[in-house]
Undergrad: 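What follows is a single structure, and I will ask about it in a moment.
All chains are named by letter (A, B, ...) in the order of the sequence lines, taking the proteins before the strands, and each is independently numbered beginning at 1. What you see below is based on every heavy atom in this structure, not just the backbone, and it leaves out hydrogens, waters and symmetry mates.
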2 protein chains.
Amino acid sequence: MQAVAAAPGKSPPRRVGRARLTTADSLGRTGLDLFIKYGFDHVTVEDIAEAEGIGRRTFFRYFSSKNDLPWGDFDGLLLRMRSRLAQAPAETPLFDALRESVVDFNRFPHDEVPFLRQRMTVLLTTPTLVAHSALRYQAWRRVVAEFVAERLGVARDSHMAITLGQVCLGISLSAYEEWLVDDSLVLADLISGGFHDVRAVFAY
Amino acid sequence: MQAVAAAPGKSPPRRVGRARLTTADSLGRTGLDLFIKYGFDHVTVEDIAEAEGIGRRTFFRYFSSKNDLPWGDFDGLLLRMRSRLAQAPAETPLFDALRESVVDFNRFPHDEVPFLRQRMTVLLTTPTLVAHSALRYQAWRRVVAEFVAERLGVARDSHMAITLGQVCLGISLSAYEEWLVDDSLVLADLISGGFHDVRAVFAY
DNA sequence: ATAGTATTGGCACAGAGTGTCGATGAGAAG
DNA sequence: CTTCTCATCGACACTCTGTGCCAATACTAT
């Protein structure tokens, strides 16, 4: 199901105990395929477990809920975003630092784009997942807010920091929404354009 | 449980058939009280139904889900927002039209503020409801996007319209977040301040 | 082989949400 | 007053998610 060797730096293969039957990655792809094929609401956890050859109970040891499956390794995404923000030179204005970080965060290798498209289609068009994703977005916004807070020398829960976290997320989501309906658009351009659109309206 | 007479313009009292045992309004307050008292997750639908003196099955005829209860009459809120936007003079710049509309939308009579605070506390601090509310926010953003689209003469699903809907929502939510943690702050000031904060960063 | 250990999966349970259908009760018609 | 009509109610059974518990399994080290 997945021939990829364990990436270096990951947890080393267990030394003792029964070997795992699968991986979160493999299970995630199996589930996502089923969601795309039959629709999220028409696939039960039992269906996914059966397709992967594991028990229903075991499914919940890889993903804490059915809703969590499509996001995959979200903690990795958060690290990715943090690293993009950290790369911004201190002399770059905050607007540009945020814009460039968000744009870079959403750059993916060409061969991963079709998969990203599938994943985001499921995430943004399934009501259950639109709702659940709000919890994930909270964590992403916090990363942005912490960066803003540090840059401006204010508290990480200050109004300014929280607000800019919200705004960056909003710009990202609207870009994705647009991107999903038009194959020919480039995600990075849409995000950058969103930042400039907001500037155009807010600084009339 | 509620001595308020049916508001004019509402559906007239049924002419035939068995009379209703309660109203969505009364049931909503009963549920919200329980949520505040014991926490959303510790209250079952059966608890609410029993407190209201109805059957569990009947609860779902008043609210399509437990998650829907705390929002109450959301369609009314959407109408309220639409009307605020419609009041904006055509010559007002878009930034000010949005800012003033969002601010006005969130003005409430003094005596309703404590109740609003309770409601928003439950909605914004309960993970299940944070997630579910994303579905309600979609509709609110659409109202803003339609206004923007009309103002700018672009499609209602254009990138600009969608983005500004997202940004207005983000500013509102961050204002609420701030408002809930500090009793002394004024919601309207926080929202207006949020608009100006974004402007300050985006138009450096 | 045996001991130790991590993973697995079966079972039972709580709770949300839904379809079905008979019971209820209030106004309307006679 | 009696009967009819019909919206509302609630009981029952069912699916599905998510969780606690615990014994079976399978791998490594000694």
Side-chain angles (χ1 to χ4, degrees), chain A residues 1 6 10-28 30-32 34-35 38-71 122 126-133 135, chain B residues 1 6 10-28 30-32 34-35 38-71 122 126-133 135:
Chain A
M1 192 63 85
K10 295 285 181 177
S11 58
R14 300 276 179 285
R15 304 176 49 79
V16 300
R18 181 174 176 172
R20 287 173 175 275
L21 288 185
T22 183
T23 62
D25 213 67
S26 167
L27 185 54
T30 299
L32 198 58
L34 289 174
F35 292 160
Y38 303 108
F40 182 82
D41 293 325
H42 291 65
V43 177
T44 69
V45 171
E46 188 147 17
D47 293 333
I48 305 170
E50 192 183 4
E52 190 72 7
I54 61 174
R56 195 181 80 97
R57 187 64 185 83
T58 301
F59 174 93
F60 290 103
R61 294 209 177 85
Y62 285 90
F63 294 100
S64 57
S65 76
K66 180 186 169 188
N67 291 339
D68 270 324
L69 185 145
W71 271 110
V122 171
T126 306
T128 308
L129 295 176
V130 169
H132 182 75
S133 298
L135 302 175
Chain B
M1 191 65 84
K10 296 285 183 179
S11 58
R14 301 276 179 285
R15 303 176 49 80
V16 300
R18 181 174 176 171
R20 287 173 175 276
L21 287 184
T22 182
T23 62
D25 213 67
S26 168
L27 184 55
T30 299
L32 198 59
L34 289 174
F35 293 159
Y38 303 107
F40 183 82
D41 293 325
H42 291 66
V43 177
T44 68
V45 171
E46 187 147 17
D47 292 335
I48 305 170
E50 192 183 3
E52 190 71 7
I54 61 175
R56 195 181 80 97
R57 187 64 184 80
T58 300
F59 173 92
F60 289 103
R61 295 207 176 88
Y62 284 91
F63 293 100
S64 57
S65 76
K66 180 185 169 189
N67 291 340
D68 270 324
L69 184 147
W71 272 110
V122 170
T126 306
T128 307
L129 295 177
V130 169
H132 182 75
S133 297
L135 301 175

Undergrad: Please tell me whether B:His42 and B:Asp47 have a donor and an acceptor in their side chains that are separated by less than 3.5 angstrom.
TA: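 Result is no, nothing qualifies.
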Undergrad: Find out whether A:Tyr62 and A:Arg20 are in side-chain contact, i.e. whether some heavy atom of one side chain is under 4.5 Å from a heavy atom of the other.
TA: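 Touching, per the 4.5 Å side-chain cut-off.
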Undergrad: Check whether any side-chain nitrogen or oxygen of A:Arg18 sits under 4.0 Å from OP1 or OP2 of C:dT8, and answer yes or no.
TA: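 So the side chain of A:Arg18 is outside the cut-off, no N or O lying under 4.0 Å from OP1 or OP2 of C:dT8.
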Undergrad: Measure CZ/A:Phe60 against P/D:dC16 and give the value in whole Å, please.
TA: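 Going from A:Phe60 (CZ) to D:dC16 (P), I get 12 Å.
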Undergrad: Calculate the interatomic distance between A:Ile54 atom CD1 and C:dT7 atom P; express it in whole Å.
TA: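 Going from CD1 in A:Ile54 over to P in C:dT7 covers 13 Å.
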Undergrad: Should B:Ser65 be listed as having a side-chain N or O under 4.0 Å from OP1 or OP2 of C:dA16?
TA: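 For C:dA16, neither OP1 nor OP2 has a side-chain N or O of B:Ser65 closer than 4.0 Å.
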Undergrad: Look at B:Thr44 and C:dG15 and indicate whether a side-chain polar atom (N or O) is within less than 4.0 Å of OP1 or OP2.
TA: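 It does not, given that no N or O in the side chain of B:Thr44 lies less than 4.0 Å from OP1 or OP2 of C:dG15.
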Undergrad: Between the base of C:dG17 and the side chain of B:Arg56, is there a donor-acceptor distance below 3.5 Å?
TA: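 Yes, a donor-acceptor pair under 3.5 Å.
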Undergrad: If you assign A:Arg61 and A:Val43 each to the DNA chain D nucleotide with the nearest heavy atom, which residue ends up on the more 5' nucleotide?
TA: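 Result: A:Val43.
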Undergrad: Is the closest side-chain heavy-atom distance between A:Leu27 and A:Ile54 below 4.5 Å?
TA: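 Of all side-chain heavy-atom pairs linking A:Ile54 with A:Leu27, at least one is under 4.5 Å.
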Undergrad: Between B:Phe59 (CZ) and C:dG15 (P), how many Å, whole number?
TA: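 From B:Phe59 CZ to C:dG15 P: 15 Å.
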Undergrad: If I take atom CZ in residue A:Arg57 and atom C1' in nucleotide D:dC21, what distance separates them, rounded to the nearest angstrom?
TA: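 Between C1' of D:dC21 and CZ of A:Arg57: 9 Å.
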Undergrad: With no hydrogens and no angle check, is any side-chain donor or acceptor of A:Ser26 less than 3.5 Å from a backbone partner on A:Thr22?
TA: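 No; zero donor-acceptor contacts below 3.5 Å.
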Undergrad: Could you state the NZ-P distance from A:Lys66 to D:dC16, rounded to the nearest angstrom?
TA: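 One finds 9 Å between P of D:dC16 and NZ of A:Lys66, rounded.
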Undergrad: Please state how far atom CD1 in B:Ile48 lies from atom P in C:dG15, giving the value in whole angstrom units.
TA: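 Atom-to-atom, B:Ile48 to C:dG15, this comes out as 12 Å.
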Undergrad: Find which nucleotide of DNA chain C each of B:Val45 and A:Thr58 is nearest to by heavy atoms, and output the residue with the more 5' nucleotide.
TA: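 The residue whose closest nucleotide sits nearer the 5' end is A:Thr58.
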Undergrad: Is it the case that B:Lys66 places NZ or CZ above or below the six-membered ring of B:Phe40, under 6.0 angstrom from the centre and within 45 degrees of the axis?
TA: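 B:Lys66 over B:Phe40 ring: yes.
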Undergrad: Taking OP1 and OP2 of C:dT7, is either one under 4.0 Å from a side-chain nitrogen or oxygen of A:Arg20?
TA: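 Answer yes for this pair, as a side-chain N or O of A:Arg20 is under 4.0 Å from OP1 or OP2.
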Undergrad: OP1 or OP2 of D:dC9 versus the side-chain N and O atoms of B:Tyr62: is any pair under 4.0 Å?
TA: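 Answer is yes, contact under 4.0 Å.
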Undergrad: Whole-Å distance between C:dA16 P and B:Asp41 CG?
TA: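 One finds 10 Å between P of C:dA16 and CG of B:Asp41, rounded.
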Undergrad: For the pair made of CG in B:Asp47 and C1' in C:dA16, what is the distance, rounded to whole Å?
TA: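 Between C1' of C:dA16 and CG of B:Asp47: 13 Å.
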